[in-house]
Novice: 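Take a look at the following structure, please.
Any value given below was found using the heavy atoms of this structure, including those in side chains, with hydrogens, waters and symmetry copies removed. Each chain gets a letter, A, B and so on, in the order the sequences are listed, and its residues count up from 1. Bear in mind that the values here come from a model prediction, so they are computed numbers and not experimental data.
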Amino acid sequence: MSQQAVSTTKSASNQRPGAYEFRELERRWREFWLKEKTHRAAGPGEPGFEDRPKCYILDMFPYPSGDGLHIGHPKGYIASDIYNRYKRMQGFNVLHPMGFDSFGLPAEQYAIEHNVHPAMSTDECIERIRGQLQFLGLSYDWDREISTSKEDYYCWTQWIFLQLFQCWFDPEVTWEDGAGRTLQGRAVPIEQLVRSLASGERELTAADRQVIEDAGADATDSWAGLNRARQELVLNNYRLAYQKEVTVNWCPGLGTVLANEEVTAEGLSERGNCQVYRRPLKQWMLRITDYADRLLEDLDAERLADGKGGTFALDWPEQIKLMQRNWIGRSHGANVVFEVLDPQTHQLKSRLEVFTTRPDTLFGATFMVVAPQHPLVTAGSDSYAVPETWTDSTPDAWKGESPSDGIREALGRYQATAATSNFRTADAKQEDDKDKTGVFSGIFARNPVSGTEIPVFVADYVSMDYGTGSIMAVPAHDDRDYAFASKYGLPIMKVVDPPASTGKVECYTGDGTSINSPGGVGGDQNPFAITDLPTAEAKGKIVAALEKERVGKSAITYRLHDWIFSRQRYWGEPFPLATHPDGFSVETDLPVLLPEMADFQPLMSDDPDTPVSPPLGRAERSWTRVEIGGEEYDRELNVMPQWAGSCWYFLRFIDPQNDSAFCDTTKESYFMPVDLYIGGAEHAVLHLLYSRFWHKVLYDLGHVSTPEPFKKLFNQGMITADAFTDERGVYIDIRDVEFDGDTPVQRGTGKELNRSRGKMGKRYKNGLPPEEVGDEYGVDTLRLYEMYMGPLEQSAPWSMEGIRGMQRFLQRVWRNFITQDGQAKVKAEPIEDALGKKLQRTIVRVTDDIEGLRFNTAIAGLIELNNELVGADEIPEELARNFLLLLSPLAPHITEELWMRCGFGHGNLAYQAWPKHDEMALVEEMITLPVQVNGKVRGTVEVPVEIEEHVVRELVLGHENVKRFLPESGEVHRFILVPGKIVNIVV
RNA sequence: GCCGAAGUGGCGGAAUUGGUAGACGCACCGGAUUCAAAAUCCGGCGGGGGCAACUCCGUGUGGGUUCGAGUCCCACCUUCGGCACCA
C-alpha cells in the first residue's frame, strides 16, 4: 500500500515481501562481494589464473586527508567500477586495484593541522576512506591494497630511486625498442661510464673538467688521476639523480622547496596557497630534461611496444597532451654568439650567447637584453663586464630610476628590485608589455652578421631560466622588444616583409620574406645574405652560415626544467643515500626506514630567509649517522616529494606482496600497460608527466616492458555544488538551506543567504558524505544519478531534486520484476516482436555507450526500455535476463538481488555473461527513410534495406504519407533516392 | 595576448558518417486513485497561429556550401579551461 517506509524510514521492515528494501539488500550484497572476494584478480603464477585477455582498469588513488570522501569524489571511481564489471562480464581478466597515496604534503598537512602524528592519522583516514569505497559497492580487489607510506612499499620507491642514481642518459646510443622503433638516447648504468673512463676508452670532456674546476680543484687529464671525491663530482654531472645548487622555489610557509609544477603562476604553493620565494639551494634533482624529446614524441607515437609483441598508441584527451607539450615547450632555433666589446677600446672583451627562434631576423637585432641575474652583469662573477662610468652619450632614460647614480649602483638597484619580484602578481600581468623596465649596462656588443655595435640592456623581461638568459632584441618583429625599444628610443629596423594579405602592422611577428638584409637581386658577398628569401629558407641558410663561420649553431631549447626532487619535510621517503666526509654521496642498504619521531613538524614561517632545516636532522644520531665500509657517513636528511610514490604504484598493484622485486616481470608484461586510467585533469603536468618519465627510465633499464604506462586516459569532470554564506560571509551547511522560490534562506531563521558556485568541499560546507546520501536514497541510486548527470568528462552541479528520478527508476524496475507479494513476474514465454526489437536496439546502444564511457545515455536507454514494461503482469524470461545484465554494471546491488529472486543464480557475476549483440539479428531488414516533397519533409516510409531503386519508387509514391502531397495526376519531375538516407521528390 | 573546448526548452542534457531537433531525467500543468496527503498510474509540456486536420518560426549572431546543416566552411559575439614577458 504505502511506499513511504522505503524512502523515509531507516529500519525497513519485512512486513511487505514485495517492497524494494534497498538498505538491507545493498548491505547484504556489499558484504557478500567482500567475503567471497568476488572481484579478486589473478595474475600469472597466482592461484586461479586463467590466461584470458586482460584488462587493467586503474583509478588515480586518493591521498588520505582526514575529511573523508564527499559525494563529489567517487564520480571517477563509479565510472571505473562500471567499466570493470562490464569487462568482467565480457570475460576479461580484469585487474582493478585501489590503494592510498599516503606520503607527502597533503597527508602531512592534515596531521599538522590536527596535531596528530602522520603515521597515526594516515592509518585512521585510510580506514575511513576504505569503508566509504566499500560502502559504494566498488569492485576493487582489496587483496592488492597498497599504501605508499608503508615500508614494504616505499623500500621499492627507494630502490627505483637508486636505479635513477646509478644510471645516466647516454645521448649517443642508437637502439631499437620493443616495437622496432629506432630511438636516440637511453639510460644506461653509470658503471659502464666508469668502466670506459677507467679504461681510457673514454676521456674526460671539457665539461667534466669544468665541474672539477668549479669546485675549486685542479682538473687533471685523466680519470685515474682524480681522487674519489672528484670522480664523484664528474659522475654527479651524469647521473639521472644528481645534486646541484639551483634557484629553487622556497616556500617558508610549508618549510620546504617545491617543484616548478607545484607552484602556481601567481607564485603561490599549489598546496596550501603559501607565498613562494626564489632562493639558491643545493638540492637533489632528477634529469627529466634528458627525456624531454621522448616524453614529447611518445605522446603521438603510433607504435609503442605493449610487451606482448603488439603495439599501442596513447589514447589521451587532446587537452592533456597539449598541456604536456606546452609544459615541455620544445622550440627550434639557433644559438648565436655576439662579441662583447670593451666600451673604451672597442676591442673584443668576451662573448655573449643568445638563443633565438628567428635567426632570420639577425640583421634587425638593434640591441641586446640580459636577465638581471646574468653573469655578465653580476658583480664578482668571472665574466662581469660592466664599466665603471656611463659614457657621455648615454641618455638619462637608460640610467634607471635615478640618473645621478653611477652605472654599477643603478644596475645593482635594478637587480635587487628584480630579485624580490620573481613572481609577477596577477595585476602586473595585465599590464605586461606596457610595463617593461630596464637599465643600460654600459656594455656594447657586435652583431656577428652585420658588424654593427649595439647596446646591451639589463631587463627583467628576460629570464635567466630560459635559453641562455640573454636575447638579441629585434624590435621590428617581436612585441616585447618593440615595447622596450619604443620606451627607450632604440632603433627599429624592419627585416621581414609580411605577405601582401597582411594589413599594416608596426610590429610583424609572423613569417614573410627577408628584406634589408644583404643579398637579394643586387647581391653582395656577405656570407649571411638572406634578402628575398622566405622565412623558412632564410632561417636554414643563415644557420648554416653561422655554423660555417663558427658564430652560432642550430639549437633546441626546452621550457621544461629538471625536477627538484628533495623536500625539507618529514612525511616522505628518505633518500637511500649518505654523504662521505669528503662530500660525495653513496647509496645505502635498503630499506632506509623513516625514523619514528615525535617532533616531526617542519620549520614553518613567513620569513623567506628562514634557515633550511629538514626535520630528519633532529632524528637520533643512530639514524643520521651510518657506517659504510668502516667509514662514517651522514645520512641524507631530505625526503622525496609526494609524487615519488605515485610514479610507479600501478606497477606494485600487479604484484603487491613481492619482497624480492618491485614487480615480477612475467606479471608485469601480462598486465601492462594500463588499459584505462581514470582521474582528474589536475595532474596533467605533475603526476602524469613524472610517472611517464620514471617509466621510461625503467623501460630503458629493462625493468618494464612498455615505454608508456597508460594507454587510455580519461579525465572525469567534477561534481560542483552551490555554497551558501550568510551576511557575515560564514558558510552555512547545505543541509540548513531552504528555498523560498529561487531565494536561498537559512532553515529556522529564514535569513536570506548568498549563493556561490564552485567546488564541493568541507570548508564550503556543501559536501555530503556518500553514506548519508546512500542511506537515504540507496547506493545504486547514488551511482546511477552521478553517472546520469551528464557526460562523464563534464563538470556538473549536484542537486537533490534530480536524484529522486533515479530512485523512481529503480523502484519501477523492482515493481516490474517483483509483485507486491514478493513473487518474481518472470515467465518463460516468447518476447513480443516489437519489444524484442526494442531490446536488441537497447543491447547495442548500452554496449556502445559503456564501451565509450557514455553512461548517461546508457542509462537513458535502460529507462526507456523499462518504461515499456510498466504495468505488465509478467515479463518474458529472455527479456528479463538481458535487461538485468545490461543494468548490472550500473546498479549492481539491485540487479544481483533481482537475478537471484528470478531464479537465475549468480549469473551476472559470471564471465561471459554480457549479452552478445553481434550474434543476434541486429541488422534490421527495414529502414525508415524520411521523404521530402519539394524540399519539405512530408513523412517517413519504411522500406527494406536491400532493394531495387524502382521498387522503392513504387513503395514511396504509393505510400499514404506521401500520396496526399502529390498532385492529382501523381506526376513527379524528379525522384532522388539517397540510399539509406532520404527520398527526395520534386513535383 | 597566445592555444584549446563549448554555446540546443524553465533546468541537466540527447541527436551514428549532414537526414523528421529536443531522447531520458528534473521541474511544472491536467486527470485517475485517496477522507486527505504522500506514493503510484495515465496524459501534456520550445514559440506563434488554428475548433481541427495542420501550419509558420526555431540549436549564440551574420553569411556560405548542400535536395537537406545543431552537425561542414568563413566572420563575429559570449562562456569556460590551459599557458603567459619562453626569446
Novice: When you measure from the side chain of A:Gln319, which nucleotide among B:rA27, B:rG82, B:rA14 comes out closest?
Specialist: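 Ranking B:rA27, B:rG82, B:rA14 by closest atom to the A:Gln319 side chain puts B:rG82 first.
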Novice: Let's test this: given Watson-Crick or G-U wobble pairing with both distances under 3.5 Å, identify the partner of B:rC83.
Specialist: B:rG1
Novice: In whole angstrom, what separates A:Asp478's CG from B:rA87's C1'?
Specialist: 6 Å
Novice: Whole angstrom is fine here: how far is it from CG in A:Leu810 over to P in B:rG25?
Specialist: 13 Å
Novice: Can you tell me how far CZ of A:Phe22 sits from OH of A:Tyr777, rounded to the nearest 0.5 angstrom?
Specialist: 9.5 Å
Novice: Whole angstroms only, please: what is the CD1-C1' distance between A:Ile328 and B:rC86?
Specialist: 15 Å
Novice: Please verify the inter-ring angle class for A:Phe484 with A:Phe367; under 30° counts as parallel, over 60° as perpendicular, anything in between as tilted.
Specialist: parallel
Novice: Test for a donor-acceptor pair under 3.5 Å between the base of B:rC86 and the side chain of A:Tyr558, counting only N and O atoms.
Specialist: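 No.
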Novice: Whole-Å distance between B:rC24 P and A:Ile803 CD1?
Specialist: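 In whole Å, B:rC24 P and A:Ile803 CD1 are 21 Å from each other.
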Novice: Starting at CD of A:Glu868 and ending at P of B:rC42, how long is that distance when rounded to a whole Å?
Specialist: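 Those two atoms, CD and P, are 11 Å apart.
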Novice: Want to settle it: does A:Glu864 or A:Val870 sit nearer the 5' end of RNA chain B, counting the closest nucleotide to each?
Specialist: A:Glu864
Novice: Do A:Phe809 and A:Trp814 have ring centres separated by under 6.0 Å?
Specialist: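 No, the ring of A:Phe809 stays outside the 6.0 Å limit from the ring of A:Trp814, centre to centre.
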Novice: Closest approach to the side chain of A:Arg808, judged atom by atom: which nucleotide of B:rU40, B:rC24, B:rA87 is it?
Specialist: B:rU40
Novice: Check A:Thr356, A:Thr468, A:Leu352 against A:Val336 for a side-chain contact (heavy atoms from CB on, under 4.5 Å) and give me the one that passes.
Specialist: A:Thr356
Novice: Please determine, for B:rG70, whether a Watson-Crick or G-U wobble partner exists with both distances under 3.5 Å, and give it or none.
Specialist: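 WC or wobble partner does not exist here.
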